[in-house]
Number of protein chains: 2
Amino acid sequence: MTPTPPKIRILLADDHTLVRRGVRLILDAEPDLEVVAEAADGAEAVAALRDIEVDLVILDVAMPRMTGLQAARGIARMRTPPKMLMLSMHDNEQYFFEALKVGASGYVLKSVADEDLVKACRTAIRGQAFVYPGAMSALVRDYLDRLNRGESLPRTVLTEREDEVLKLIAEGHSTREIARELTISYKTVERHRENILAKLGLRDRTQVTRYAIRAGLIEP
Amino acid sequence: MTPTPPKIRILLADDHTLVRRGVRLILDAEPDLEVVAEAADGAEAVAALRDIEVDLVILDVAMPRMTGLQAARGIARMRTPPKMLMLSMHDNEQYFFEALKVGASGYVLKSVADEDLVKACRTAIRGQAFVYPGAMSALVRDYLDRLNRGESLPRTVLTEREDEVLKLIAEGHSTREIARELTISYKTVERHRENILAKLGLRDRTQVTRYAIRAGLIEP
DNA sequence: ATCCGAATGGGTGCTGCCACCCATAAGTCC
DNA sequence: GGACTTATGGGTGGCAGCACCCATTCGGAT
């Protein structure tokens with residue numbers, strides 16, 4: 001009897017039972033992959049990592065209590081963090097960038113085919129970045145090219161001040177209110193807002209709100 | 001050899017491959033249930049119903065092109081509509097009421113346990129309403145009580161048209177875009193928006209966005 | 001027959017948002 | 001020392017959002 005090679009140990013975090021079923025079904029069918037634990041939210045996933053050792057964490061981007069992105073930030077700060085693969089419902093560039101920013105090795109959609117999910121796992125384990133196929137925009141391609149050439153880019157898009165203003169905008173405050181809150185001029189807030197919209201490629205406050213919620217910066 | 005009883009024929013509509021995997025895995029394991037077709041969005045589901053005959057349609061509430069709720073409205077208008085079971089990611093009253101309003105027999109969360117999903121299917125086929133367990137708020141309980149006493153529904157605050165406008169506003173579309181989308185006047189959209197703000201007690205589009213996300217009407 | 005709600009559309013005016021233009025002080029990087 | 005970024009602030013103009021006002025049509029309920 002030949003000894004089987006060690007399998008890639010996977011922690012699966014998603015709040016939807018049905019999704020966990022589907023993913024587990026696909027991964028456990030592979031000879032080199034094994035789902036060794038499941039978590040129903042981000043906090044649970046982080047807690048589980050303190051008890052068991054895994055090679056790869058598959059995180060749903062949007063989960064209650066602690067979103068996948070928030071969890072990923074925490075996991076990335078561990079001493080020997082496992083690889084991370086973000087699972088998302090949204091074919092969305094902003095999300096994708098957020099995921100890479102927090103240290104994920106890949107980003108796959110819940111609408112992916114089986115083989116792509118398996119491929120993403122193996123790619124992530126090898127330490128390479130995986131892009132969900134079929135939806136790779138020029139923006140994403142550029143980003144990955146730079147990444148592969150070793151260029152540093154993880155510069156946070158927004159400055160600290162812009163982050164503050166972003167949050168206040170997303171919380172529904174008017175420009176005037178924000179100015180009062182930060183004790184700066186109305187015009188300065190407008191300037192920050194302009195920069196935020198330009199940098200994130202958004203059009204107005206409504207989109208800022210959705211962005212901030214997606215990114216886990218504020219609660220809905 | 002005893003003849004097997006006819007299985008309940010199910011159409012499964014969800015845009016996420018992984019969810020379809022999970023649901024099919026669970027249902028096909030039951031002796032009396034059989035997933036005979038799948039669809040990746042609402043339009044596909046409606047189209048499929050023209051070709052094949054099913055007893056039950058399981059619809060994801062949020063799908064591209066045509067949402068599950070929209071599809072359900074269309075299906076309900078068929079000559080002999082199949083039973084409908086809405087599948088949602090959100091433990092959310094607004095969604096639940098919407099589902100019942102369009103004629104669904106049940107509403108289950110994607111986080112349900114296997115048995116509950118199976119139970120929901122069988123309950124729907126018997127023509128009874130199914131409420132996802134564990135998340136039945138007082139509001140829902142009241143509603144079902146009234147329903148069982150034969151009283152008419154307390155009607156959701158917003159009209160169908162207002163719901164449409166609400167979603168489009170929350171998705172970041174401008175008044176002009178919405179007018180074009182719905183092929184109505186700019187002023188009419190403004191009127192709907194005014195009514196929405198008044199009815200929900202909101203002040204502007206930003207708050208509408210957060211409300212819609214909180215209510216689970218749109219994805220962040 | 002009447003009344004009401006829902007959907008449609010118009011007018012007017014205020015205010016806020018957003019896109020351009022401009023500048024300066026302080027800090028960092030090379 | 002210059003180049004660059006960040007944070008600060010001003011001006012101007014256009015258009016959108018929002019709050020009021022108004023009306024018509026249609027269908028269902030009383």
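The structure presented is a predicted model; accordingly, all values stated were derived computationally and were not measured. Labels below follow one simple rule: chain letters A, B, ... track the order of the sequence lines, proteins then strands, and each chain is numbered from 1.
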In Å and rounded to the nearest 0.5 Å, what is the OG1 to CZ distance from B:Thr188 to B:Arg193?
12.0 Å
Length of the CG-P vector between B:Asn195 and C:dT8, whole Å
11 Å
Rounded to whole Å, how long is the line connecting atom CD of B:Glu162 with atom P of C:dG5?
13 Å
If you check every side-chain atom of A:Thr188, which of D:dG9, C:dG9, C:dA7 has the closest atom?
D:dG9
Short side-chain to backbone donor-acceptor contact, B:Glu162 and B:Leu158, under 3.5 Å:
no
How long is the line joining CG of B:Leu182 and P of C:dG9, in whole Å?
10 Å
Output one line per pair: protein atom, nucleotide atom from nucleotides 28-30 of chain D, and distance, for all N/O pairs under 3.5 Å.
none

So do the side chains of A:Ile184 and A:Arg161 get within less than 4.5 Å of each other, counting heavy atoms only?
yes
Tell me if the CZ atom of B:Arg24 is crowded by more than 12 foreign heavy atoms within 6.0 Å.
yes
Using modelled atom types and a 3.5 Å cut-off, is there a donor and acceptor pairing between side-chain atoms of B:Arg205 and backbone atoms of B:Ser174?
no
Using a 3.5 Å distance criterion without hydrogens, assess whether the side chain of B:His173 forms a donor-acceptor pair with backbone atoms of B:Ile178.
no
For B:Leu200 and D:dC18, give me the distance from atom CG to atom C1', rounded to whole Å.
15 Å
I'd like to know if the side chain of B:Asp55 and the backbone of B:Arg9 have a donor-acceptor N/O pair within less than 3.5 Å.
yes
Length of the CG-P vector between A:Asp163 and D:dT6, whole Å:
12 Å
Whole angstroms only, please: what is the CD-P distance between A:Gln207 and D:dA16?
15 Å
Write out a two-atom table: protein N or O, nucleotide N or O from nucleotides 18-22 of chain C, distance below 3.5 Å.
unit_1: C:dC18; atom_1: OP1; unit_2: A:Arg205; atom_2: N; d: 2.9
unit_1: C:dC18; atom_1: OP2; unit_2: A:Arg193; atom_2: NE; d: 3.2
unit_1: C:dC18; atom_1: N4; unit_2: A:Glu190; atom_2: OE2; d: 3.2
unit_1: C:dC20; atom_1: N4; unit_2: A:Glu194; atom_2: OE2; d: 3.2
unit_1: C:dC21; atom_1: N4; unit_2: A:Arg191; atom_2: NH2; d: 3.2

Backbone N/O of A:Gln207 and side chain of A:Asp204: donor-acceptor pair under 3.5 Å
yes
Using the C1' atoms of five pairs at each end, what's the angle between the two axes of the helix from C:dA1-D:dT30 to C:dC30-D:dG1, to 10 degrees?
40°
If you draw a 6.0 Å radius around NZ in A:Lys167, do more than 12 non-hydrogen atoms from other residues or ligands fall strictly inside?
no
Any side-chain N or O of B:His192 less than 4.0 Å from the OP1 or OP2 oxygen of C:dA6?
no
Counting only side-chain nitrogens and oxygens, does B:Thr159 get under 4.0 Å of the OP1 or OP2 atom of C:dA7?
yes
Could you check how far CD1 of B:Ile184 sits from C1' of D:dT24, rounded to whole Å?
16 Å
What integer distance in Å separates B:Arg176:CZ from D:dA16:P?
4 Å
Answer yes when A:Arg203 and B:Glu177 have at least one side-chain N-carboxylate O distance shorter than 4.0 Å, and no when they do not.
yes
Do B:Asp14 and B:Val23 come close enough that some side-chain heavy atom pair is under 4.5 Å?
no
